[in-house]
Amino acid sequence: MSVKTILVLDDEVHILELINYNLSNEGYKVITAETGEEALELLEKNEIDLAILDIMLPGIDGIEVLRNIRSHRNYKKLPVILLTAKSDEISKVVGLEVGADDYLAKPFGVLELLARIRAVLRRTEGPLSSKSEEKEEKITIDHITINKIRRTVQVNDADIELSLKEFELLYLLAENRGIVFSRDTLLEKIWGYDYLGETRTVDVHIRNLRKKIEEDDNNPIYIKTVRGVGYKFS
């Protein structure tokens, strides 16, 4: 198994040192940056497997770095975890809408950070498969085609860019058409750990998905809201 390289952006040196120490002990290669400008330069010069970005930075902040990542053809699918202030709800929502795969509120525990890193990396490492296996992992509904192995989505034969969590959420709902999932169940299945009280995360991802796959996201025909319960794929 190859060593995974993680880029960590934070302007607090002690946090960089803490993350660097613990991730290195877990076998990761860690590259650190104290400014958004430096992070973007490192992305250009290194093969990064995952980025951890602090939102609150002078100059180019973590959200802007994330926007650059999602708009760049070479690393637009790079998994990204955002670091946010515990009370900064607006930044969390903006980060999810821009395409963050996960976020972690400061102060955070090292074990929680490691768990989230492993969860995100595990979901980005699909096994190699034959064409016959790949065919079995493809879902086609009307003009929407979802390929689990390649992690691609096409609407009317056009490629649609989804974040990792958006893709997993869409695939789960489409694979279980007609089944209603509560927000808490979706959090558990997609995020893989206790996200108690963070059901807004699901709502943001659902809203993003509707904008990308629905003809009219205000009147969706695929991803339906079941009032008082959750969501289903019709």
Side-chain angles (χ1 to χ4, degrees), residues 55 63-64 66-73 76-82 84 88-103 119-120 123-124 126 134-193 195-234:
I55 288 181
I63 295 292
E64 191 59 35
L66 176 58
R67 291 186 197 278
N68 276 270
I69 288 173
R70 291 293 173 252
S71 64
H72 199 290
R73 64 178 183 178
K76 59 186 176 183
K77 293 187 178 181
L78 178 71
V80 175
I81 297 174
L82 293 180
T84 72
D88 194 0
E89 181 71 16
I90 294 177
S91 292
K92 291 177 186 177
V93 173
V94 171
L96 292 171
E97 290 181 334
V98 173
D101 297 292
D102 204 349
Y103 66 83
V120 170
R123 290 185 172 96
T124 59
E134 182 177 315
K135 187 175 181 180
E136 295 175 358
E137 299 288 350
K138 187 181 293 185
I139 298 174
T140 300
I141 303 169
D142 294 341
H143 58 284
I144 301 173
T145 300
I146 309 166
N147 190 311
K148 184 177 182 180
I149 299 299
R150 296 181 181 275
R151 292 193 179 88
T152 58
V153 175
Q154 290 186 320
V155 177
N156 292 322
D157 296 322
D159 292 331
I160 304 298
E161 293 295 334
L162 300 182
S163 71
L164 174 62
K165 289 294 191 296
E166 288 170 358
F167 179 86
E168 291 181 339
L169 186 57
L170 176 62
Y171 191 88
L172 176 66
L173 291 171
E175 188 180 34
N176 297 277
R177 292 187 293 280
I179 297 176
V180 180
F181 289 90
S182 69
R183 290 173 176 82
D184 287 334
T185 299
L186 291 172
L187 284 169
E188 179 184 350
K189 287 182 174 295
I190 300 302
W191 278 261
Y193 41 76
Y195 242 68
L196 185 63
E198 294 290 354
T199 54
R200 180 74 178 275
T201 299
V202 174
D203 296 335
V204 171
H205 280 77
I206 291 292
R207 185 163 68 246
N208 287 346
L209 282 174
R210 284 172 171 164
K211 289 178 180 178
K212 294 176 180 180
I213 71 168
E214 301 278 3
E215 185 172 339
D216 179 2
D217 58 283
N218 291 316
N219 296 286
I221 62 173
Y222 295 108
I223 302 178
K224 294 283 193 177
T225 300
V226 180
R227 192 172 300 278
V229 183
Y231 299 100
K232 70 175 181 178
F233 199 105
S234 294

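Among Val180, Ile206, Ile179, the one residue that satisfies the side-chain contact (heavy atoms from CB on, under 4.5 Å) test with Leu173 is Ile206.
Qualifying side chain to side chain contact (heavy atoms under 4.5 Å, CB included) partners for Ser182, counting only residues two or more places apart in sequence or in other chains: Asp184, Thr185. By the ring-ring contact (aromatic ring centres under 6.0 Å, His included) test, Phe233 pairs with Tyr222, sequence neighbours left out. With sequence neighbours left out, Arg67 forms a salt bridge (Lys or Arg N to Asp or Glu O under 4.0 Å) with Glu64. Here Asp203 pairs with Arg183, Tyr231 under the side-chain hydrogen bond (donor to acceptor under 3.5 Å, both in side chains) rule; sequence neighbours left out. Partners of Lys76 under the salt bridge (Lys or Arg N to Asp or Glu O under 4.0 Å) rule, at least two apart in sequence or in another chain, are Glu161. Remark: Arg210 engages no residue in a salt bridge (Lys or Arg N to Asp or Glu O under 4.0 Å) (not counting sequence neighbours). Shown here are the side-chain hydrogen bond (donor to acceptor under 3.5 Å, both in side chains) partners of Arg207, two or more places apart in sequence or in another chain: Glu97. Not counting sequence neighbours, the partners of Arg70 by the side chain to side chain contact (heavy atoms under 4.5 Å, CB included) test are Leu66, Val80, Asp101.
Thr140 approaches Asp142 most closely through the heavy-atom pair CG2-O, 3.9 Å. Contact record, Ser163 with Ala100: OG-O, 4.5 Å, taken as the closest heavy-atom pair. Closest non-hydrogen pair, Gly95 versus Ile63, comes out as CA-CD1, 3.6 Å. The heavy-atom pair separating Leu162 from Phe167 by the smallest distance is CD1-CA, 3.9 Å.
If you take CG on Asn147 and CD on Gln154, they are separated by 9.0 Å, rounding to the nearest 0.5 Å. Note that CD1 of Ile160 is 11.0 Å distant from OG1 of Thr145, once rounded to the nearest 0.5 Å. Atoms CG and CG, on Leu169 and Leu209 in that order, are 5.5 Å from each other to the nearest 0.5 Å. Atom CD1 of Ile69 is separated from atom CG of Leu78 by 5.0 Å, given to the nearest 0.5 angstrom. One distance of note links NZ of Lys165 with CG of Leu186; it measures 13.0 Å at 0.5 Å rounding. In this structure, CG on Asn208 lies 11.5 Å from CD1 on Ile213, to the nearest 0.5 angstrom.
For the ring-ring contact (aromatic ring centres under 6.0 Å, His included) condition, no pair includes a residue of residues 146-166, sequence neighbours left out. Within the structure, the salt bridge (Lys or Arg N to Asp or Glu O under 4.0 Å) test picks out the following pairs touching residues 212-222 (sequence neighbours left out): Glu166-Lys212.
Using a distance-only test at 3.5 Å, with no hydrogens or angles considered, a donor-acceptor pair links the side chain of Arg177 to the main chain of Ala174.
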